[in-house]
Amino acid sequence: MQKLILDTNVLVSALIQKSFPYNIVNELFVEGKITLCISEKLMSEYYEVLRRPKFAKYFDFVAKAEILLSDIEEKAVMYSPQITLDLLTDKDDNMILELADVCLADYIVTGNTNDFTMQSYKKTQIVTPREFWLLC
């Protein structure tokens, strides 16, 4: 089973509209067809971002976010990175590369192509939701 790290922006997009992020989260993760890798730092970011008041304007966002966070807590595999990296311009996103390092993820899926400018980190491919969906 493929190991994925989903950037927070992918979860936000999945909760707002039915598109590639939605398909990845609902048809692959929720259905148990991929392994989602998380760390405590990433999980904290998921909670912090998905609970931002600005997203409450979207229909059922809060309720869907709570269900998704619960699914992640239950089904994702928790890792504890032991390294600290400083490779990305958005310093907070380095935690995703640190997680990829420890879990040996197959993919990092992100819509943030401004900060994730590389195509891979070690053996982990960095792709957009659309690119990942078309690969599977």
Side-chain angles (χ1 to χ4, degrees):
M1 193 174 310
Q2 292 183 329
K3 291 183 183 178
L4 266 66
I5 300 169
L6 297 179
D7 197 352
T8 310
N9 59 66
V10 175
L11 298 184
V12 171
S13 295
L15 293 168
I16 292 174
Q17 60 185 350
K18 291 188 177 182
S19 60
F20 296 111
Y22 176 88
N23 294 345
I24 293 167
V25 168
N26 290 287
E27 293 183 30
L28 298 180
F29 169 64
V30 173
E31 296 296 322
K33 297 175 183 172
I34 60 166
T35 299
L36 180 62
C37 303
I38 58 170
S39 65
E40 286 186 27
K41 278 185 183 179
L42 184 57
M43 196 67 205
S44 292
E45 181 178 281
Y46 286 172
Y47 272 101
E48 189 272 320
V49 171
L50 295 181
R51 289 182 171 162
R52 287 181 182 164
K54 69 180 183 178
F55 296 124
K57 67 182 178 185
Y58 296 101
F59 177 73
D60 246 2
F61 187 93
V62 175
K64 291 188 290 187
E66 289 300 320
I67 292 167
L68 179 56
L69 290 167
S70 177
D71 278 348
I72 292 170
E73 290 271 4
E74 181 184 324
K75 297 176 183 177
V77 179
M78 178 71 71
Y79 291 87
S80 298
Q82 301 299 311
I83 62 167
T84 302
L85 297 172
D86 188 17
L87 301 174
L88 301 172
T89 53
D90 184 343
K91 302 301 179 200
D92 290 338
D93 283 337
N94 284 300
M95 72 171 155
I96 292 175
L97 298 180
E98 295 163 3
L99 176 56
D101 193 79
V102 71
C103 75
L104 305 173
D106 297 298
Y107 295 95
I108 293 170
V109 182
T110 181
N112 182 0
T113 55
N114 291 330
D115 292 318
F116 287 93
T117 55
M118 67 243 310
Q119 294 181 340
S120 63
Y121 170 73
K122 296 188 177 181
K123 293 186 177 185
T124 303
Q125 293 182 47
I126 301 171
V127 296
T128 66
R130 182 182 193 281
E131 290 168 334
F132 180 75
W133 186 254
L134 295 176
L135 286 169
C136 49

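Each residue takes its place number in the sequence, starting with 1.
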Q) Between E73 and Y47, do the side chains contain an N or O donor and an N or O acceptor separated by less than 3.5 Å? A)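 Side chains of E73 and Y47: pair found under 3.5 Å.
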
Flag the pair [X] / [Y] as yes when at least one side-chain heavy-atom distance between them is below 4.5 Å, and no otherwise.
X    : Y   : answer
C103 : V77 : no
Q2   : K33 : no
I108 : L99 : no
F116 : D93 : yes
E31  : N26 : no
N23  : L28 : no

Where [X] and [Y] come nearest, the two heavy atoms and their spacing:
X   : Y    : answer
V10 : V109 : CG2-O, 3.3 Å
S80 : V102 : O-CG2, 4.1 Å
I72 : L36  : CG1-CD2, 3.9 Å
T35 : M1   : OG1-SD, 3.5 Å
I38 : M43  : CD1-SD, 3.7 Å
Y46 : L69  : CB-CD2, 3.8 Å

To the nearest 0.5 Å, how far apart are [atom1] in [X] and [atom2] in [Y]?
X    : Y    : atom1 : atom2 : value
L42  : Y79  : CG    : OH    : 13.0 Å
M95  : L88  : CE    : CG    : 11.0 Å
T124 : Q119 : OG1   : CD    : 14.0 Å
I24  : F132 : CD1   : CZ    : 6.0 Å
I96  : L85  : CD1   : CG    : 12.0 Å
I34  : L4   : CD1   : CG    : 4.5 Å

Q.
The test is side chain to side chain contact (heavy atoms under 4.5 Å, CB included); show your working for I126 and E131 and say whether it passes.
A. CA-CA 9 Å; I126 301 171; E131 290 168 334; over 6 Å; no

Indicate yes or no for a side-chain donor-acceptor contact from [X] to the backbone of [Y] under 3.5 Å, with no hydrogens or angles considered.
X    : Y   : answer
D71  : V30 : no
D115 : T89 : no
S70  : E66 : no

Q.
For a side chain to side chain contact (heavy atoms under 4.5 Å, CB included) check, start with the C-alpha distance between F61 and I16, then their side-chain angles and the critical distance, and finish with the verdict.
A. CA-CA 7 Å; F61 187 93; I16 292 174; 3.8 Å; yes

Consider only side-chain heavy atoms of I, L, V, M, F, W and Y, link residues closer than 4.5 Å, and tell whether [X] and [Y] are in one cluster.
X    : Y    : result
Y121 : L135 : yes
I67  : Y58  : no
W133 : I5   : yes
F29  : M78  : yes

(Q) Between E48 and R52, does any NZ, NE, NH1 or NH2 come within less than 4.0 Å of an OD or OE carboxylate oxygen? (A)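 Answer for the salt bridge query: yes.
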
Q: Check the pair T84 / E98 against side chain to side chain contact (heavy atoms under 4.5 Å, CB included), numbers first and verdict last.
A: CA-CA 7 Å; T84 302; E98 295 163 3; 3.9 Å; yes

(Q) Assess the residue pair D106 and Q125 against the criterion (side chain to side chain contact (heavy atoms under 4.5 Å, CB included)); give the C-alpha distance rounded to whole Å, side-chain angles, the decisive distance to 0.1 Å, and a yes or no. (A) CA-CA 6 Å; D106 297 298; Q125 293 182 47; over 6 Å; no

(Q) Please check if the number of heavy atoms outside K64 that lie under 6.0 Å from its NZ is greater than 12. (A)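 Above 12, so yes.
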
